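All residue numbers refer to positions in the sequence shown, counting from 1. Remember, it's a predicted structure, so these values are computed and weren't measured experimentally. Just so you know, ligand 1 is whichever comes first in the structure, and atom 1 is the first atom listed for that ligand.
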Amino acid sequence: MRLSGRDLRCVRGGREVFAGLAFEASGGEALALVGHNGAGKTSLLRLIAGLLTPEAGTITLDGGEPDTPVAEQAHYLGHRDALKPSLSVGENLGFWRDFLGGERTDLSAGIKAVGLGHAAELPAAYLSAGQRRRLSIARLLVVRRPIWLLDEPTSALDVKGQELFVGLMQEHLARGGIIVAATHTPLGIPVREQRIGAAT
Ligand SMILES: Nc1ncnc2c1ncn2[C@@H]1O[C@H](COP(=O)(O)OP(=O)(O)OP(=O)(O)O)[C@@H](O)[C@H]1O
């Protein structure tokens with residue numbers, strides 16, 4: 001499997017963020033997008049996730065589902081944890097599983113995998129920042145998609161949470177998955193760096 005972008009141009013608020021951008025990531029590989037604040041790392045993740053439309057260029061996934069858009073073969077873990085505060089941890093995860101079209105599998109394994117087994121019944125409104133992030137990460141586990149798009153994924157995670165997430169990323173890569181991450185800090189796994197924008 002290979003995810004690639006060719007000659008991508010991104011414009012936001014009438015301003016060109018980048019142009020002529022190319023990238024490539026193969027199955028089992030993690031690509032770390034690096035660059036200064038405002039260089040366009042989040043914008044590139046959002047282009048791949050189908051949340052922004054490129055002004056030019058193409059994004060393709062060779063070896064994926066040919067009739068399914070790339071965006072629907074990717075998970076996007078953004079800055080904000082999209083949770084419904086009045087729903088419990090388990091209900092939030094169930095909502096996402098159904099929304100993302102996953103099979104109606106047991107959610108408890110996903111909840112336990114991110115260390116939230118003790119909080120499954122708790123409303124999301126009561127979760128700490130790190131717990132919210134853990135719940136968002138559980139989404140990646142309950143619906144399997146080959147591409148993980150991660151925007152500063154370890155922010156808010158404590159050391160234990162970071163170690164746990166490293167293990168989950170390693171498992172994803174070992175299954176032939178692809179990770180593209182925007183990060184200012186090391187991810188904790190081997191990565192290939194892709195610079196966005198000029199070095200400063
Ligand atoms: N909704 C928006 N409307 C207009 N411009 C935007 C919008 N969102 C982002 N931008 C601009 O697009 C540019 C790229 O932003 P982006 O968030 O992709 O950068 P980044 O490399 O992820 O930065 P950081 O390291 O600070 O997270 C910035 O100049 C930003 O101001």
Please report whether ligand 1 has a polar contact with H79, defined as an N or O pair separated by less than 3.5 Å (distance criterion only). no

Identify the closest protein heavy atom to atom 31 (O) of ligand 1: which residue and atom is it, and at what distance? R15 NH1, 4.6 Å

Hey, does the side chain of R145 reach the backbone of A74 with a donor-acceptor pair shorter than 3.5 angstrom? yes

With the side chain counted from C-beta on, respond yes when P146 and L3 share a heavy-atom pair under 4.5 Å apart, and no when they do not. no

Flag: protein heavy atom within less than 4.0 Å of atom 21 (O) of ligand 1: yes

Side chain, backbone, both or neither: which applies to H36 and ligand 1 if a contact is any heavy-atom pair less than 4.0 Å apart? backbone

Considering only protein heavy atoms, which is closest to atom 27 (O) of ligand 1, and at what distance to one decimal place? T42 OG1, 4.1 Å

Atom 9 (C) of ligand 1 touched by protein heavy atom at under 4.0 Å: yes

When you look at I48 and F23, which way does the side chain to side chain contact (heavy atoms under 4.5 Å, CB included) test go after all the steps? CA-CA 11 Å; I48 304 169; F23 73 89; 3.6 Å; yes

Derivation and outcome, salt bridge (Lys or Arg N to Asp or Glu O under 4.0 Å), residues R134 and D158: CA-CA 10 Å; R134 285 172 184 242; D158 59 17; 3.1 Å; yes

For S43, the ligand 1 atoms whose distance to one of its heavy atoms is below 4.0 Å: 14 (C), 15 (O), 16 (P), 18 (O)

Within the distance-only criterion (no hydrogens, no angle test), does the side chain of H75 pair as donor or acceptor with the backbone N or O of V143 below 3.5 angstrom? yes

Among non-hydrogen protein atoms, atom 6 (C) of ligand 1 lies closest to R12 CB, 3.8 Å

Considering heavy atoms of the protein only, find what lies nearest to atom 24 (P) of ligand 1 and give residue, atom and distance to 0.1 Å. N37 ND2, 3.5 Å

Taking a cutoff of less than 4.0 Å between a non-hydrogen atom of the residue and any ligand atom, is A182 in contact with ligand 1? no

Are any side-chain N or O atoms of Q170 and backbone N or O atoms of I189, one a donor and one an acceptor, separated by less than 3.5 Å? no

Hydrophobic clusters here meaning ILVMFWY residues chained together by side-chain heavy-atom distances under 4.5 Å, can you tell me if V89 and L164 are in one? yes

Tell me the nearest of G197, A39, G38 to atom 14 (C) of ligand 1, using heavy-atom distances. G38

Any Lys/Arg nitrogen of E55 or R12 sitting under 4.0 Å from an Asp/Glu carboxylate oxygen of the other? no

For ligand 1, the portion of R46 having any non-hydrogen atom under 4.0 Å away: neither

Hey, which atoms in ligand 1 end up nearer than 4.0 Å to a heavy atom of G13? 4 (C)

Can you label the angle between the F99 ring and the F95 ring as parallel, tilted or perpendicular, going by 30° and 60°? parallel

